[in-house]
Amino acid sequence: MSSVPQPRSRTQPQPWDVHRLPRAEGRSFLVTGGNAGIGYFVAEQLAGTGATVVLGSRDATKAEAALASIRSHVPGARVRHLRLDLADLASLKTSVDALGLDRLDAVVHNAGVALDDPPRRETGDGHELMFATNHLGHFVLTGRLAPLLLATPGSRIVTTGSFAAKTERLDLDDLQSTRDYRPKRTYGRSKLAQMLFGFELDRRLRAAGSTTRSVVVHPGGALDSLTPSRPPVSERTTGERLRGLPLGLLVQGKEAGAWPAVRAVLDPDVRGGQMWGPRVFGLRGRPRAEPLWDHLADTATAARLWAACHDLTGVDPASEA
């Protein structure tokens, strides 16, 4: 007697829907630079999942405006502000202590500063401002957060890179741009340092047997003119929106620019060591995992950068716990 063929399961993995995110009640997320730009939309979208979202920002007034805006768009949102100044490395331990948490499900390293014009500026610690804020501050913050992250199985460290890093290469002998300071180049190199850090961090976490994952994301092309208004945080005039429409064929706004980071936080299928960006030429569209740019796979440069940052800060993020 022949057996009756069993029907194949019709259950298929559901595609990731940026407008229907999974629920995350009971989880806590920290977003650096969550008061403006892409960081604001990362915070707003995560708040919509029911999670507690902490906005890290040095400007309390701007943070309060962001909190008010999120609450107006996400009724019942659990959001609060943490004073966080990434350019002041010594202050970061105090900031982390003020979190008042015993575990943290994810941090999104998003904050950054870009200087449009010279001259070169330094922080109070004597570090070049963009390198210090965009990279060194997050390097140290990761170390300070390590006990909370490592106490949370499956936690995520999401590092926001930039397309500006794609054509840059690090000068390990001039990380602070003392000899060659050009604002756009210095910015691109600071973001490249952050991306190399994210991948090196994941390698060190894996070697230590940790379940914490380090993921790198980038927003593609994210323009203010294509971004929804969020008064009083930001507001677009009708003229600005109309002028930006043709560019929408190539790039996107900052709300969509937040999607890769949000997916990296929430999607259980995202793996450590991956890079996520927009689907269409890496510039616009829904988030997907994409191949690493060649220079991001340079493990020797990443290890040397890590050692240099350890020497500059006295912190080793992978062993602070």
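Index from 1, following the sequence.
The number of heavy atoms from other shown groups lying within 6.0 Å of CG (D294) does not exceed 12. Other residues, nucleotides and ligands place no more than 12 heavy atoms under 6.0 Å from the CZ atom of R121. Around CZ of R288, the count of heavy atoms belonging to other residues, nucleotides or ligands within 6.0 Å exceeds 12.
Ring geometry, F131 versus H135: the interplanar angle falls from 30° to 60°, so the pair is classed tilted. The aromatic rings of F163 and H218 sit tilted, their planes meeting at an angle between 30° and 60°. Using cut-offs of 30° and 60° on the angle between ring planes, the pair H109 and H138 is tilted.
In terms of the side-chain contact (heavy atoms from CB on, under 4.5 Å) criterion, residue partners of H310 (sequence neighbours excluded) are, by chain and number, D316. Among residues two or more places apart in sequence or in another chain, the side-chain contact (heavy atoms from CB on, under 4.5 Å) test is passed with A289 by Q274, W276. For D171, the side-chain contact (heavy atoms from CB on, under 4.5 Å) criterion is met by D173, D174, R179, R189, not counting sequence neighbours. Residues satisfying the side-chain contact (heavy atoms from CB on, under 4.5 Å) criterion with K93, sequence neighbours excluded, are D97, R144.
Of all heavy-atom pairs between Q45 and W259, the closest is OE1-CD1, 3.3 Å. The two residues P317 and T142 come nearest to each other via the heavy atoms CB-CG2, 3.9 Å. The two residues P183 and D117 make their nearest non-hydrogen contact at CG-C, 3.9 Å. Nearest approach of V233 to A36, heavy atoms of both residues: CG1-CA, 4.3 Å. Considering every non-hydrogen atom in both T212 and S155, the closest pair reads OG1-OG, 2.8 Å. Summarising the geometry of A165 relative to K191, their closest heavy-atom pair is CB-C, 4.1 Å, with the distance given to 0.1 Å.
Side-chain atoms of S190 come within 3.5 Å of backbone N or O of Y187 as a donor-acceptor pair. Judged by distance alone, the side chain of S214 and the main-chain N or O of G198 form a donor-acceptor pair under 3.5 Å. Side chain of T32 to main chain of A111: a donor-acceptor pair is present (N/O by atom type, distance under 3.5 Å, no hydrogens or angles). No side-chain donor-acceptor contact under 3.5 Å links T301 to the backbone of D298. Of the possible donor and acceptor atoms, one in the side chain of R71 sits under 3.5 Å from a partner among the backbone N and O of V79. No donor-acceptor pair closer than 3.5 Å links the side chain of T159 to the backbone N or O of V216. R103 places no side-chain N or O within donor-acceptor distance of the main-chain N or O of P153, the cut-off being under 3.5 Å. Listed for the R206 side chain is a donor-acceptor partner under 3.5 Å among the backbone atoms of S210. In this structure, the side chain of E44 does not engage the main chain of V74 through any donor-acceptor pair within 3.5 Å. With hydrogens and angles ignored, the 3.5 Å screen pairs no side-chain donor or acceptor of D105 with any backbone N or O of F29.
Expressed to the nearest 0.5 Å, how far CZ of R120 lies from CG of D180 amounts to 11.0 Å. With values rounded to the nearest 0.5 angstrom, F197 atom CZ is found 8.5 Å from C309 atom SG. Rounded to the nearest 0.5 Å, atoms CG (L136) and CE (M130) are 13.0 Å apart. Rounded to the nearest 0.5 Å, atoms CD (E168) and OG (S162) are 10.0 Å apart. Remark: T94 OG1 to L99 CG distance equals 11.5 Å, nearest 0.5 Å. The OG atom of S177 sits 11.0 Å away from atom CD of E122, with the distance rounded to the nearest 0.5 Å.
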What side-chain donor-acceptor pairs closer than 3.5 Å can you find for residues 261-272, not counting sequence neighbours?
residue: R263; atom: NE; partner: D267; partner atom: OD2; Å: 2.8
residue: R263; atom: NH1; partner: P287; partner atom: O; Å: 3.2
residue: R263; atom: NH2; partner: D267; partner atom: OD2; Å: 3.1
residue: D267; atom: OD1; partner: D269; partner atom: N; Å: 2.9

Donor-acceptor list for residues 48-58 side chains, cut-off 3.5 Å, not counting sequence neighbours:
residue: T49; atom: OG1; partner: L46; partner atom: O; Å: 2.6
residue: T49; atom: OG1; partner: A51; partner atom: N; Å: 3.4
residue: S57; atom: OG; partner: N35; partner atom: OD1; Å: 3.2
residue: S57; atom: OG; partner: D59; partner atom: N; Å: 3.2
residue: S57; atom: OG; partner: D59; partner atom: O; Å: 3.4

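A salt bridge is absent between R213 and D202: the closest approach of a Lys/Arg side-chain nitrogen to an acidic carboxylate oxygen does not fall below 4.0 angstrom.
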Worksheet item: Does the side chain to side chain contact (heavy atoms under 4.5 Å, CB included) test come out yes or no for Y40 and K254, once each step is laid out?
Response: CA-CA 9 Å; Y40 168 85; K254 293 186 175 180; over 6 Å; no
Worksheet entry | Steps toward side chain to side chain contact (heavy atoms under 4.5 Å, CB included) verdict (L296, L192) | CA-CA 8 Å; L296 293 179; L192 174 57; 3.6 Å; yes
Practice prompt. List the steps, then state whether side chain to side chain contact (heavy atoms under 4.5 Å, CB included) holds for L141 with L84.
Written response: CA-CA 10 Å; L141 179 63; L84 190 69; 4.1 Å; yes
Worksheet item: Can you list the steps and then say if L305 with E200 is a side chain to side chain contact (heavy atoms under 4.5 Å, CB included)?
Response: CA-CA 9 Å; L305 172 67; E200 179 67 12; over 6 Å; no
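Between F139 and W306, the ring centre distance stays below 6.0 Å.
A heavy-atom distance below 4.5 Å is found between the side chains of L312 and Q176. A heavy-atom distance below 4.5 Å is found between the side chains of V113 and N134. Inter-residue side-chain proximity for L104 and S28 is flagged as met; some heavy-atom pair is nearer than 4.5 Å.
With no hydrogens or angles considered, no side-chain donor-acceptor pair links H81 and E64 at under 3.5 Å.
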